[in-house]
Amino acid sequence: MKKRILAIGILVALSIASYYMLSPYRQQSASATQVSEASATLHADSVSKPEPEPKVLYGMVVDSMLIIEDVIKPNQNLSHILSEYNISFGTIHNIALKSKEVFDVRRLAANKKYTLICDNDSARTAKAMVYEPSPLEYVVFDLQDSIRIYKEQRQVVTEERTMSGVIESSMYQTLMDEGASPALVSKLADVFAWQIDFFRIQKGDRFKVIYEQQLVEGEPVGLGRIIGAEFEHFGNTFFAFYYDQGNGVDYFDEEGNSLRKAFLKAPLNYSRISSRYSPRRFHPVQKRWKAHLGTDYAAPTGTPIKSVGDGIIVASTYNSGNGNYVKVKHNSVYTTQYLHMSKRAQGIRPGVKVKQGQIIGYVGSTGLATGPHLCFRFWKNGRQVDALRVELPPSEPISKEHAEAFAEVKRSLTQKLESISYPVKEEEKVLAKVQ
């Protein structure tokens, strides 16, 4: 028993001795840990926080600057705007002179956006002005130090989109109800101009279209091409597939035939151009400056005049200005008119269908004319255009060399069109729920 007590006493003594012997090492370890933690804290504090990104507007750093956004008011000019922001009239005059090669400041248009970048102090001196003539571009008037004026283009992103609709009242209203741009109506009408009379659209006609939407900063700014379309009209289905076989963009049906019919290049076999389309020409009879919205072909009296394309006669009459004239509607997009005829061809009256190349009258000098000639006028989408400049696409079918490639394009677009569903009316949704 005494031996056991002695042993326990020895063990206790050894434990106490070990504690005091190791104590300095424990203190050093603790100190080291404290130093390590302090060092880590010091290191963290020494690492600088990332600098905030500078605010950039129109390519300029505008931190701490005053930004003023507004639109051009009616009759407001550059002087009206800049003089309020500490810019002298002499400087404004120099800006107007220097900017002529980039942008004529007289063309500032009402309701267009502009932005002023100014000192953020009581003087609010303008350092730059940015004018946006369109969503695609902007003009920078840099007023710092030496004046700089330059134009920039925004990045345009093109996305492929689809749309479908069922006609209730009109093509235009249907597309508007689906949130489309009015430009899509015009493009779709142009694609199917020879197959469908868009003035005879009936309720129940329907369409699907694949098209390109152009975006700037996520906002729609314009339309690209129509890539493919399907149109059901009077129980018939028409297809349009976009394809370029090397001689110009065209649209083709499922058989590879062009949807377009060509126009004759001129309505006369024998002629010379004596006067071209011009927004301002001195009239030889009236002796004053006025627009000449046609192309004059000088030719001997009696020279046959031919319709440049298939169509329907919508006017065949006489008036003091045009003399004897004929107007032909070719489709819902294109119309042509033939003026100053010596006489109109037999049977040419409103409602009569004519073929491309058919004689509709003869050259003369009736109406306001100084000599025998034909004044040929050309309308596209209800607006007179220069017949010599209007871009008329080719009308050849798909060639053998492009048959395989076109077939693959057609297959892909057909699948996409099939995947597009038609919109469902609210009453049809309710009926489906009831059933």
### Summary
ring pair (Phe, Tyr, Trp, His ring centres under 6.0 Å) filter on Tyr58, not counting sequence neighbours, yields Tyr138
Could you list the donor-acceptor pairs under 3.5 angstrom formed between side-chain atoms of residues 356-365 and any protein atom two or more places apart in sequence or on another chain?
unit_1 : atom_1 : unit_2 : atom_2 : d
Gln356 : NE2    : Ala262 : O      : 2.3
Gln356 : NE2    : Val308 : O      : 3.3
Gln358 : OE1    : Lys355 : N      : 3.0

### Summary
Contacts satisfying side-chain hydrogen bond (donor to acceptor under 3.5 Å, both in side chains) that involve residues 311-321 (not counting sequence neighbours) are Ser316-Arg344
### Query
Under the ring pair (Phe, Tyr, Trp, His ring centres under 6.0 Å) rule, what pairs show up with a residue in residues 214-235, not counting sequence neighbours?
Phe192-Phe231, Phe198-Phe231
### Task
Tell me, please, which residues at least two apart from Phe252 pass ring pair (Phe, Tyr, Trp, His ring centres under 6.0 Å).
Phe406
### Partners meeting salt bridge (charged side-chain N to carboxylate O under 4.0 Å, His left out) with Glu160 (sequence neighbours left out)
Lys416
### Query
Under the salt bridge (charged side-chain N to carboxylate O under 4.0 Å, His left out) test, which residues partner Glu408, sequence neighbours left out?
Arg411
### Task
With sequence neighbours excluded, tell me which residues meet ring pair (Phe, Tyr, Trp, His ring centres under 6.0 Å) with Tyr131.
Phe103
### Query
Under the ring pair (Phe, Tyr, Trp, His ring centres under 6.0 Å) test, which residues partner Trp194, sequence neighbours left out?
Phe263
Would you be so kind as to tabulate the donor-acceptor pairs closer than 3.5 Å made by side chains of residues 59-69, with sequence neighbours excluded?
unit_1 : atom_1 : unit_2 : atom_2 : d
Asp63  : OD1    : Lys55  : N      : 2.9

### Task
Please identify each residue that fulfils salt bridge (charged side-chain N to carboxylate O under 4.0 Å, His left out) with Arg225, with sequence neighbours left out.
Glu212
### By salt bridge (charged side-chain N to carboxylate O under 4.0 Å, His left out) - contacts of Glu217 (at least two apart)
Arg154
